[in-house]
Amino acid sequence: MKKILAILFIVFLYNSNVYAASICDYKEQTAINQKASNVKVSYEVVTETVKFEDMDSTMEVFDISIFNITEEFYVIVKNSVTEEEKYFTSADAVDGVIHFKWTYADNVTNFTIQVFTTNKTSCPDEKYKTVYLTTPRFNTYYNVETCQDNPDFYLCQKFVTFSEIDEEKFFKQLESYKNGEINSSGEDPKDNTNDKITDKIFEFLDEYKWYMLGGFVIIIGTAIVIQRIRTKKQRELGL
């Protein structure tokens, strides 16, 4: 019985957002967690004008937005290219949104945004949430003339997240697309639909495996407890 309760407790801790080491009481932790769950991150591509001495030029950059950072939080943002860390608080927000620009459009960049509590809470400097964001890179093949005639093809998109490919592979894939051998996503259109459904099922199982495992453990644990209670009563009744 003790082993079962221990397993159930571990599963509960795994799926909980509340940090066991927090010095905030449970009520405040719950309120903090609720606010932290509202923190969202997104990006959009914007065009900026760069002024030079004899001319103006334009460049596309990523405008990254962090939403719902209240005075109870500060965030530390780290990128995978320069590994520089940026520090933001609610004082940096304009109309409730924190903005910063990212100009490294030549690289796929992964951002890690960690949300910590401030001294406006009873438990400052505790991490309550981590958000991840990936910005794409500019596709050098986008301006190739043949791409302008095939704008839907995945290798012709303006911003992409796949690694650079050589010209030979690019033109070979593009030719296969124009001949109908692959679709706009680069996949064989004759692929078995059942295989795609199976892939989706496995993706679902992989994403929610821990929740299903937790539910399974709870069901098994409950069944064992009920069985033991039933057995005990039967013994007491001499059955």
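Quick caveat: nothing in here was measured; it's all calculated off a predicted structure.
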Parallel, tilted or perpendicular: ring planes of Phe116 versus Tyr74, cut at 30 and 60 degrees: parallel
Cationic N near anionic O, under 4.0 Å, Lys78 to Glu84: no
Spatial distance of atom OG1 (Thr146) from atom CD (Glu175) [nearest 0.5 Å]: 8.0 Å
Pair Ser22-Glu126, side-chain donor/acceptor within less than 3.5 Å: yes
ILVMFWY network linking Ile165 to Phe138, side-chain heavy atoms under 4.5 angstrom: no
Any donor-acceptor N or O pair under 3.5 Å, side chains Asn179, Ser176: no
Verdict with supporting geometry, Phe73 and Lys129, side chain to side chain contact (heavy atoms under 4.5 Å, CB included): CA-CA 10 Å; Phe73 302 111; Lys129 186 174 185 177; over 6 Å; no
Min side-chain heavy-atom separation Ser80-Thr109 under 4.5 Å: yes
Donor-acceptor pair, side chain of Gln157 and main chain of Pro151, under 3.5 angstrom: yes
Side-chain heavy-atom pair Ile76, Lys86 within 4.5 angstrom cut-off: no
Criterion side chain to side chain contact (heavy atoms under 4.5 Å, CB included) on Val61 and Trp102, from CA distance to verdict: CA-CA 6 Å; Val61 301; Trp102 182 247; over 6 Å; no
Thr134 versus Val108, closest heavy-atom pair with distance: CG2-CG1, 3.7 Å
Rounded distance (nearest 0.5 Å) linking atom CD of Glu28 with atom OG1 of Thr117: 8.5 Å
Nearest-0.5 Å distance, CD of residue Glu71 to CG of residue Asn119: 9.5 Å
Shortest non-hydrogen contact from Ser37 toward Lys40: O-NZ, 3.4 Å
Minimum heavy-atom distance Lys158-Tyr142, with the two atoms named: CA-CD1, 3.4 Å
Gln114 side, atom CD; Tyr132 side, atom OH - distance, nearest 0.5 Å: 7.5 Å
Any Tyr177 side-chain heavy atom under 4.5 Å of Ser184 side chain: yes
Parallel, tilted or perpendicular, as decided by the 30° and 60° cut-offs, for the rings of Tyr154 and Phe162: perpendicular
Crowding at CD, Gln148 (>12 non-hydrogen neighbours, <6.0 Å): yes
Audit row: Arg137, Val160, side chain to side chain contact (heavy atoms under 4.5 Å, CB included) steps and yes/no: CA-CA 6 Å; Arg137 65 175 177 83; Val160 296; 3.7 Å; yes
Parallel, tilted or perpendicular, as decided by the 30° and 60° cut-offs, for the rings of Phe62 and Tyr43: perpendicular
Side chain to side chain, His99 and Ile64, heavy atoms closer than 4.5 Å: no
Close side-chain approach of Thr112 to Thr130, heavy-atom, < 4.5 Å: yes
Student check: side-chain heavy atoms of Ser90 and Thr70 closer than 4.5 Å: no
Between CZ on residue Phe171 and CG on residue Leu174, distance to nearest 0.5 Å: 7.5 Å
Audit row: Lys178, Phe153, side chain to side chain contact (heavy atoms under 4.5 Å, CB included) steps and yes/no: CA-CA 9 Å; Lys178 291 194 289 186; Phe153 188 45; over 6 Å; no
Closest contact, heavy atoms only, Gly96 versus Ala93: C-CB, 3.9 Å
Joint hydrophobic cluster, Met59 plus Val46, side-chain heavy atoms closer than 4.5 Å: yes
Heavy-atom pair of closest approach, residues Thr89 and Ile98: O-CD1, 3.5 Å
Under 3.5 Å donor-acceptor, Asn139 side chain and Phe159 backbone: no
Polar side-chain atom of Glu60 near backbone of Val45 as donor-acceptor pair, under 3.5 Å: no
Side-chain heavy-atom pair Glu164, Thr140 within 4.5 angstrom cut-off: yes
Stepwise side chain to side chain donor-acceptor pair (under 3.5 Å) check, Asn79 with Thr82: CA-CA 6 Å; Asn79 70 79; Thr82 67; 2.9 Å; yes
Parallel, tilted or perpendicular, as decided by the 30° and 60° cut-offs, for the rings of Phe100 and Phe88: parallel
Hydrophobic cluster identity match, Val97 and Val41, side-chain contacts under 4.5 Å: no
Approximate separation, where rounding is to 0.5 Å, of Ile66 CD1 and Asp92 CG: 9.5 Å
Pairwise side-chain contact, Ile32 with Glu72, heavy-atom cut-off 4.5 Å (strictly under): no
